[in-house]
Structures are given as structure tokens and as C-alpha cells.
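If you're wondering where the values come from, they're calculated on a predicted model, not measured in any experiment. When a ligand or atom number is given, it counts from 1 through the structure's own listing order. Side-chain atoms are counted along with the backbone in the values below, which use heavy atoms only and exclude waters and symmetry mates.
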Amino acid sequence: MKVFYDEDSLLHNPPYEILDGHLVHYYESPSRPQTIKHELENAPSFTILPTNKALDVLKHARQVHTGDYLQYLETAYAAWVADGGDKTAVMPERFHIRSCFRAHRLQTRGAWGAIARAGFYCFDLSCPITADTHKSALASVRTALSAAEALSASSPPYSPKSGIFAHCRPPGHHAGTALCGGYCFLNNASIAARFLQDINPSTDTGTAQKLPIAILDIDYHHGNGTQEIFYEDPSVLYVSLHAQNDYPYYTGSKSETGAGAGLSYTYNHPLPRGTADDGYIAELQRALDEIRTSAPAYVLVSLGVDTYIDDPISDFKLTRAGYTRIGQAIAQLNRPTLFVMEGGYHIETIGKNVRAVLEGFELAT
Ligand code: OKS
Ligand code: ZN
């Protein structure tokens with residue numbers, strides 16, 4: 001299997017975050033991608049490839065994120081330091097709660113300082129922006145786009161099973177149209193989905209239609225960003241399995257099913273804490289049935305291995321054998337599939353668990 005990876009992903013390295021009220025070391029650390037890369041390098045069936053530097057990453061990011069948010073991410077660190085902020089990282093102090101304000105009260109926005117902007121474009125305390133964060137976030141998108149490009153070149157839409165791994169870091173599924181949070185700055189999977197639609201316009205009906213794509217999110221946490229981005233869009237089905245009543249707390253219930261033209265193109269499968277292999281895979285089969293029914297041209301998998309039994313910030317009980325079964329089950333969709341890396345924090349096993357999913361997929365018949 002081809003694996004795309006960009007060394008700039010390692011640059012983003014904030015020293016700390018606030019978790020459960022404690023100042024702790026940053027769980028989403030560069031040791032994660034280093035360990036995954038090391039594991040896949042030593043496995044015969046993977047080829048690690050560099051990303052395509054010729055891609056216009058910002059152009060594709062603009063299909064998902066607003067121009068002002070992208071501008072913010074690019075300028076936030078310098079503006080913060082110029083305002084006298086701590087040189088470690090941009091860190092919000094107070095959040096702009098959209099529901100507390102009426103649009104006409106946003107007239108002062110042009111005058112906001114760096115700390116005010118930080119609280120406007122972020123929803124939690126796990127996205128410090130360092131001097132290198134923007135570079136890593138773009139590298140992560142470039143990784144997803146390079147993998148999507150290779151997938152579409154080797155496997156046209158609707159062709160049988162084939163898989164590529166976008167070894168992205170930082171992750172993306174919590175990042176919304178104009179919000180960072182949960183270690184995520186740019187929504188790699190969503191940008192890749194738009195890219196696949198843009199390079200493969202579907203002309204079924206004569207008029208240019210967007211190609212149907214499914215995003216299966218199997219990270220432990222709900223992908224609130226991906227859900228937000230496609231909530232009213234019937235061309236991208238979003239299906240998520242995640243822990244009920246855990247981070248990001250306010251989204252991911254079964255009753256969130258999309259809106260407007262996108263109604264019934266979002267499916268949430270919240271699972272209880274303590275869910276183990278058998279319970280998880282039974283629910284995954286229901287999620288896969290929803291994807292099958294929608295007949296997507298491509299499947300994107302937001303792959304988190306923070307569902308692992310020993311993950312330090314999560315409460316599921318999946319095992320290595322479970323990951324192999326998950327890969328096998330996804331392969332039964334029989335579609336070109338792009339795996340996009342999301343979470344997973346048990347450094348000792350993260351590489352082996354990713355490898356198990358990808359080999360389960362690849363070896364499935
Ligand atoms: C609080 C961070 C809470 C956990 C963030 C979860 C990130 C993740 N500072 N999302 O999939 O793995
Ligand atoms: Zn996660």
C-alpha cells in the first residue's frame with residue numbers, strides 16, 4: 001500500500017495543553033507520526049512516498065475553510081508575538097460563543113487583537129499555535145491531497161477495492177469551516193473529499209454534479225468539524241462511530257442527521273464507554289450498510305486508533321485483532337479507499353494498530 005507522508009508534519013510541537021483541568025504535556029506529539037512511519041517502513045507491504053509539492057494546497061483548503069480563517073492561521077503567531085504574547089504559542093483565554101452574540105455586534109471585529117482573534121477561531125485549549133503550526137497544518141493537507149491524487153490516478157471512481165494511507169499530522173476531523181480545536185487546524189479528510197470531487201466532476205445528468213463520497217470516521221471522538229462542513233451537503237455522506245458523552249461533548253448524537261438538502265446524509269453511532277471489539281464491529285457493520293446504500297464513488301476513512309484499550313485519553317477496549325477485523329470489514333465496501341490519519345495516543349502501539357487496520361484492508365478478499 002502507498003503511504004504519503006511529509007516531514008514538515010513534525011514541526012508543530014507545542015509543549016503543553018490543558019486536559020481535564022491539568023496542564024499536561026501535549027498528547028498530539030511528533031512521536032506519533034515518527035512511530036507510525038517507523039512501523040510502516042519496516043513492513044514489506046508499504047511504500048512511503050513524499051508529498052506532491054506542486055499542489056496548490058491553499059486553493060483546495062479554500063473549498064472547505066473560509067478565507068479569513070486561513071488568513072488567521074497564517075498570521076496568528078506573528079500577530080500574537082507582536083502584541084507581546086508568550087513566544088511559546090498562541091493560546092486563547094476567552095472564547096467567542098456565537099450563540100451569545102447578534103451579527104450586528106461583530107462590527108468591532110476589525111479592531112480585535114491577537115488574543116481576541118484566538119478565541120474567535122478556536123473552541124478549546126488543545127490547539128496552541130506555535131511558530132511552525134501553520135507549516136505543519138499545510139503539510140498535513142498536502143499529505144491528504146497527494147494521497148487522494150494518487151488514489152484517483154490509480155483507481156477511477158466506483159472501481160473495486162484499492163487503498164492508500166494519508167499519514168497526516170496534525171489531525172483534522174475537529175476542524176470546522178472557521179474553527180480549530182481538538183488538536184485539529186485544517187480538516188484534511190474534508191479537503192481531500194472536495195479535491196476528489198473537483199478532479200472527477202460527475203456528469204451523470206448532463207449538468208455538472210458532485211461525485212458522491214462517503215467519510216467513515218472511526219476515531220474515538222466525534223468529528224464535529226467534518227459533520228459541520230458537510231451537514232447540508234448531500235454529496236458527502238458523513239458516518240461516525242465514537243464514544244457517547246465524551247469529547248467534543250456537544251455533537252454526535254443519533255438525532256443529528258443532516259439538514260436541508262443534506263438531511264439523512266449524516267449518521268452518528270455513539271457507543272458506550274468500555275466498548276470492545278465485538279460490540280464495535282457489530283455497530284461498524286451497520287455504519288457500512290449506510291455507506292453501501294449511498295453507493296459512494298470513493299470512501300474516505302478518518303482513522304483514529306485512540307479506540308485502543310491502552311489509549312491514555314480514551315475509554316474503548318479495542319485490540320490489535322479488532323483493528324485487523326475493522327480493516328477487513330471496510331474492504332468489503334469494495335471501493336477505492338483513502339485512509340486519513342486522525343487520533344491515537346498510546347505511542348508504544350499506535351504504529352502497530354494503524355498497520356493492523358491497513359493490512360486487514362489490503363489482505364481482505
Ligand atoms: C483537551 C483535549 C481533549 C481531547 C482531544 C481529542 C483529540 C482527538 N485539551 N480527536 O479525535 O483525538
Ligand atoms: Zn480522537
Mind checking whether Phe230 and Leu237 have side chains closer than 4.5 Å, heavy atoms only?
no

Might you confirm whether atom OH of Tyr121 has over 12 heavy atoms from other residues, nucleotides or ligands at distances under 6.0 Å?
yes

Give every pair formed by an N or O atom of ligand 1 and a protein N or O atom closer than 3.5 Å, one pair per line with both atom names and the distance to 0.1 Å, or write none.
unit_1, atom_1, unit_2, atom_2, d
ligand 1, 9 (N), Glu17, OE1, 2.9
ligand 1, 9 (N), Ile18, O, 2.7
ligand 1, 10 (N), His173, NE2, 3.4
ligand 1, 10 (N), His174, NE2, 2.6
ligand 1, 10 (N), His221, ND1, 3.1
ligand 1, 11 (O), His173, NE2, 2.6
ligand 1, 11 (O), His174, NE2, 3.2
ligand 1, 11 (O), Asp219, OD1, 2.6
ligand 1, 11 (O), Asp219, OD2, 3.2
ligand 1, 11 (O), His221, ND1, 3.1
ligand 1, 12 (O), His221, ND1, 3.1
ligand 1, 12 (O), Asp306, OD2, 3.0
ligand 1, 12 (O), Tyr345, OH, 2.5

Any idea which N/O/S atom from Asp219 gets closest to the Zn ion (ligand 2)?
OD1

Taking side chain to side chain donor-acceptor pair (under 3.5 Å) as the definition, give me every residue that meets it alongside Thr251, ordered by chain and number, with sequence neighbours left out.
His222

Does Lys2 count as lying over the ring of Phe165, i.e. NZ or CZ under 6.0 Å from the six-ring centre, within 45 degrees of the axis?
no

For Tyr345, which fellow cluster members are found when Ile, Leu, Val, Met, Phe, Trp and Tyr are connected by side-chain heavy-atom distances below 4.5 angstrom, either directly or through intermediates?
Leu19, Val24, Tyr26, Tyr27, Tyr183, Ile313

Is there an N/O/S atom in Asp306 at a distance below 2.8 Å from the Zn ion (ligand 2)?
yes

Distance check below 2.8 Å: does His173 bring an N, O or S atom to the Zn ion (ligand 2)?
no

Does Thr133 reach the side chain of Ser136, with side-chain heavy atoms less than 4.5 Å apart?
no

Which atom name does His221 have for its N/O/S atom nearest to the Zn ion (ligand 2)?
ND1

Cluster overlap Ile215 with Leu284, hydrophobic side-chain contacts below 4.5 Å:
no

Salt bridge (Lys or Arg N to Asp or Glu O under 4.0 Å) pairs, two or more places apart, involving residues 33-53
Asp6-Lys53, Glu7-Lys37, Lys37-Glu41, Glu39-Lys352, Glu39-Arg355

